[in-house]
Amino acid sequence: MEMSGNVVIVESPAKAKTIEKFLGKDFKVVSSFGHIRDLAKKNIGIDIDNGFNPRYIITDDKKKVVAELKKSVKDAAAVWLASDEDREGEAISWHLMEVLGLSPENSKRIVFHEITKEAIQKAIQNPRPLNMNLVNAQQARRVLDRLVGFELSPILWKKIQPALSAGRVQSVAVRLIVEREREIISFKSESSFRASGEFTFTGEDGSEGTITAESSSRFTTEKDAEAFLMVCKDALFSIDDITVKPGTRSPAPPFTTSTLQQEAYRKLGLSVAQTMSVAQRLYEAGKITYMRTDSTNLSQLAINTAVKVITSEFGEKYSKSRQYKTKSKGAQEAHEAIRPTYMDNREVPGNAQEKRLYDLIWKRTLASQMSNAEIERTTITIGMSNSKSGFIAQGEVVRFDGFLKVYRESTDTNGEHAEEAPIPPVKPGIELNYRKICATEKYTTAAPRYTEASLVKKMEELGIGRPSTYAPVISTIQNRGYVSRGDRPGEKRRIRMVELSSGKIRSCDKSEIAGKEKSKLFPQDIGIVVNDFLVENFSEILDYHFTAGVEEQFDLIAEGSLDWSGMIGKFYAPFHSKVENTLEVSERKTGERLLGSHPETGEPVFVKIGRYGPVAQIGETSETGKPRFASLLKNQLIETITLDEALELFRLPRVVGTHEGSDMTVGIGKFGPYIRHENKFYSLKKDVDDPLEITEQRAIELIEEKREGDRNKTINTFGEILVLNGRYGPYISFKKSNYKIPKGTDPSSLTEEDCKKIIEKGSGSGKKGKK
DNA sequence: CAGTGAGCGAGCTTCCGCTTGACTT
């Protein structure tokens, strides 16, 4: 009989593969694929009256994994439980012991937080007993989340709409977005003027130089700005003062999940989910370390190789090795930072996204071990002979680039800071002449809407969510319809300008597009109504500090100084009575808002969430008549829609014109705005076309566009058999079923006979029946 | 694919954190 000797269980199969190489043939390394058990869904999965005793089951997708694990450990001399060194990891080991029937005699708990040969061998030499306190902290976390999620969600089904959800993390994420929107709605933009001057001077060598500077004061009105220019007209300008301040800048720490998501969005335009899926592929290919981490820590091995690369590529003075402290709230540091597995791999094979993300990780990691940049900030003060006012020019010179040679972190501001012009060499006392001085109106702007990535950043700051859940939570709040990612075209606004040149003052207004948004998170009506309901009735859970508070208690449980079921009991009693009370006394919420009365009939006009979404309604059900309804447009909110805008909606459906002798009608259907022409439907372009504004010409354009698309979609037809181009490549469609075309076949060369064969053979491969 | 805005009302929806595939039209 064969003895497998030692079996090591880790969480991830890619990790298992790597570790097996380090351990040699006495060790077999297998993976649990994360948690293997979870609370049952039936009856909340918790015996509430019995100390909140959890009822765990092996989830369907883990039955096979568990069966394999059982086989693996059956004849093992020793089982090494090597799940992550954090709360969840400890719990995974405990579940493994329970399910696989392991005991402290035949199993050992080991931990390591970097995957290097030394770290793993050291771990094997230092096994420790399972930490039941840590497991209990995890059970408390799990039970609390289930209680909150499974007691709050059903209230929403009853009071607002079926299939909604609420939870400790997602509901706070939605709240952030709703409250930001309200800040934006109530924000009043103000404007002021600031003058920018272009000056010329004659340098010591007789050559002419130019310097650009901003006025030291702002002006609240156009008149004030003009008065200032009048003063400038008669002023003599000279350089009053020059200060040079040295400074340094340090590199950003290596990537965690959250910072990777932010930078990949800002630099590569990837969504949070895209970033994770590209990173997953790099990880599975062995190119980078684990991508779900809150740690900025690098292994000594990684630091050493980074230093080697830096000194050989740039020289010793560019190298400065550092260890970064993780400062994010609730960090558990079970892994390393996200870094290349081998720093000397400058690039990796793969698609463009994989190459670019890898490059970003490589640069960030390398930069983190490089010298500070040394900069010099110069401020030049320009005085005026006839005024205390003046101009200031600022510029920065990089004296030593250091880490900036490879990497510069982006910011969330949309590059609104103009590039500073370089400061020419000048001396105090030099006289200047103005070439042009221009006072420009500047507006204050509201706080920006969240992007997926900046929301993750905020969540991390509040300590809600974990690296493994940032992306899924952001999907959930969009799938529930609470928020939606979208663009706004922005609005034109006038910018007043007054210019002084050649002794003359004249105004020269221009316009700019303000409030343009791309890929931002907008709250939807249902999200707003759910949020307001939860904030009103469950302010404790919705509090931004709720998670931080319970995390403190989880820490006490982990230290062994607090009993977990007692802690949950203290939370649950008041929470549950609030649940009961809310179910009893709270009214149904539709977000109804009265806009006014109809100008002709005097009937009330209001907006609310109806059975099929947000709707405007004229009149109420009575003996004399029925109310009229019209759906709100995608970018309209119950909170901000006006009476006039609501009345406009009743103009739909409407005829916009004729094409080929038939009417074109615009309306809003189940799938959004459409044009109907000869009983065929054509969708309007999201965020581009407004069904209330669309013209006959544009409608024809859309119809032709769609026809052209359909022509490209069809490769061939044989009666009922269609060869089509789809999202996932060419396929055959026959009687509402789809069939794959064998790889390597040119779809345009298929004959009717070929197609029939594929259809016969492919029975079952096509999507039959509906779900 | 594309109207709707009553009724009857079974049975279902849902949480957060660990992990990957399967498979799409």
Side-chain angles (χ1 to χ4, degrees), chain A residues 10-16 31-39 41 44-46 59 61-62 65 83-84 86-92 95 138 141-157 161-171 277 280 283-284 290 292 332 334 464-470 472-473 476 480 541 547 590 608-617 621 626-631 653 665 667-676 679-684 713 722 724-733 736-740 765-767:
Chain A
V10 296
E11 293 180 39
S12 145
K15 193 169 171 179
S31 156
S32 76
F33 293 80
H35 275 294
I36 54 163
R37 291 202 298 187
D38 192 15
L39 297 173
K41 288 200 171 181
I44 219 165
I46 300 163
T59 41
D61 57 327
K62 291 297 162 55
V65 173
S83 51
D84 298 342
D86 59 15
R87 209 160 60 197
E88 297 297 327
E90 202 70 11
I92 288 174
H95 283 299
Q138 193 275 346
R141 199 280 305 157
R142 182 68 193 90
V143 166
L144 178 108
D145 282 337
R146 170 57 66 85
L147 290 170
V148 169
F150 274 39
E151 294 215 356
L152 288 187
S153 300
I155 306 179
L156 301 180
W157 306 342
Q161 203 174 86
L164 296 174
S165 65
R168 173 178 59 83
V169 173
Q170 61 168 289
S171 296
S277 123
Q280 175 89 28
Y283 167 66
E284 283 172 10
Y290 195 56
R292 290 186 273 264
Q332 310 208 2
I464 63 167
R466 302 277 312 133
S468 66
T469 59
Y470 294 138
V473 165
T476 299
R480 299 272 175 275
I541 311 278
T547 290
T590 63
K608 63 178 189 182
I609 294 181
R611 287 208 299 168
Y612 309 109
V615 70
Q617 180 175 343
T621 319
K626 270 189 172 177
R628 289 188 286 150
F629 297 93
S631 290
T665 310
I668 295 178
K670 203 167 158 191
F671 309 106
Y674 63 88
I675 300 159
R676 184 186 186 135
N679 261 332
K680 280 192 174 144
F681 291 87
Y682 305 88
S683 291
L684 268 61
K713 197 181 151 194
L722 306 171
L724 302 171
N725 249 324
R727 257 210 298 167
Y728 308 98
Y731 66 100
I732 295 168
S733 169
K736 296 203 170 180
S737 287
N738 299 320
Y739 303 87
K740 271 185 193 159
S765 73
K767 197 187 113 192

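Each chain gets a letter, A, B and so on, in the order its sequence line appears, and its residues count up from 1. Small disclaimer: the values here were computed from a predicted structure and weren't measured.
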Full working for side chain to side chain donor-acceptor pair (under 3.5 Å) between A/Thr665 and A/Arg676: CA-CA 5 Å; A/Thr665 310; A/Arg676 184 186 186 135; over 6 Å; no

CA sep, side-chain torsions, deciding dist, call: A/Gln138, A/His35, side chain to side chain contact (heavy atoms under 4.5 Å, CB included): CA-CA 12 Å; A/Gln138 193 275 346; A/His35 275 294; 3.8 Å; yes

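Heavy atoms only, all atoms of each residue included: A/Val148 and A/Arg168 are closest at CG1-N, 4.0 Å. Contact detail for A/Val143 and A/Ile46: the closest heavy-atom pair is CG1-CD1, 3.7 Å. Heavy atoms only, all atoms of each residue included: A/Ser31 and A/Glu11 are closest at OG-O, 3.1 Å. When all heavy atoms of A/Ile44 and A/Arg146 are compared, the closest pair comes out as O-NH1, 3.0 Å.
No contact: A/Ser83 has no heavy atom under 4.0 Å from any strand. The residue A/Thr476 sits close only to the backbone: its heavy atoms come under 4.0 Å of sugar-phosphate atoms, none of a base. Within 4.0 Å (heavy atoms only), A/Val169 reaches sugar-phosphate atoms of the nucleic acid but no base atom.
Residues A/Thr59 and A/Arg37 have side chains that never bring a donor and an acceptor to within less than 3.5 angstrom of each other. For A/Arg480 and A/Ser165, the side-chain atoms include at least one donor-acceptor pair closer than 3.5 Å.
Summarising the geometry, the separation between CD on A/Gln332 and C1' on B/dC18 is reported as 12 Å, rounded to the nearest angstrom. One atom, CD1 of A/Ile36, and another, C1' of B/dC18, lie 11 Å apart when rounded to the nearest Å. When rounded to the nearest whole Å, the span between OH of A/Tyr283 and C1' of B/dC18 equals 12 Å. The distance from atom CZ of A/Phe33 to atom C1' of B/dA22 is 14 Å, rounded to the nearest whole Å. Distance CZ (A/Arg146) to P (B/dG17): 14 Å, rounded to an integer number of Å. Put simply, CD on A/Glu11 is 10 Å from C1' on B/dG17, counting in whole angstrom units. Put simply, NZ on A/Lys62 is 10 Å from P on B/dT19, counting in whole angstrom units. The CD-C1' distance, from A/Glu151 to B/dC16, rounds to 16 Å in whole Å.
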Pair pattern of DNA chain B in dot-bracket, where unpaired bases get dots and | marks partners in another strand, Watson-Crick or G-U under 3.5 angstrom: .........................

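Distances shorter than 4.0 Å separate none of the side-chain N or O atoms of A/Thr469 from OP1 or OP2 on B/dC16. The phosphate of B/dT4 has neither OP1 nor OP2 within less than 4.0 Å of any side-chain N or O from A/Arg611. Proximity of A/Ser153 to the phosphate of B/dC15: no side-chain N or O atom is located under 4.0 Å from OP1 or OP2. Under 4.0 angstrom from either OP1 or OP2 of B/dC16 there lies at least one side-chain N or O belonging to A/Gln170. Phosphate proximity of B/dT19 to A/Tyr290: present, with a side-chain N or O under 4.0 Å from OP1 or OP2.
Of the listed nucleotides (B/dT19, B/dG17, B/dA2), B/dA2 has the atom at the smallest distance from the side chain of A/Phe681. Listed candidates were B/dC15, B/dG5, B/dC16. Nearest to the side chain of A/Phe629 is B/dG5. Nearest nucleotide to the A/Asp38 side chain, out of B/dG5, B/dT14, B/dC16: B/dC16.
Side-chain N/O atoms of A/Arg141 and base N/O atoms of B/dC16 include a donor-acceptor pair closer than 3.5 Å. Contact annotation: side chain of A/Arg466 to base of B/dC16, donor-acceptor pair absent below 3.5 Å. Side-chain to base pairing of A/Ser683 with B/dA2: one donor and one acceptor N or O lie within less than 3.5 Å of each other.
Across the interface with DNA chain B, nearest-nucleotide mapping of A/Gln280 and A/Gly672 shows A/Gly672 to be the residue nearer the 5′ end.
Within the 3.5 Å criterion, the main-chain N or O of A/Thr476 finds no donor-acceptor partner in the side chain of A/Gln170. In this structure a side-chain-to-backbone donor-acceptor pair under 3.5 Å is present from A/Ser153 to A/Ala166.
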Measure all distances between protein nitrogen or oxygen atoms and nitrogen or oxygen atoms of nucleotides 11-13 of chain B, and list the pairs falling under 3.5 Å.
| unit_1 | atom_1 | unit_2 | atom_2 | d |
| --- | --- | --- | --- | --- |
| B/dT13 | O2 | A/Ala163 | N | 2.5 |

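Rounded to whole Å, the C1' atom of B/dG9 lies 16 Å from the corresponding atom of B/dT13.
For B/dT14, the base is stacked against the aromatic ring of A/Phe150, per a cut-off of 5.5 Å between centres and 30° between planes.
A centroid separation of less than 6.0 Å is found between the aromatic rings of A/Tyr283 and A/Tyr290.
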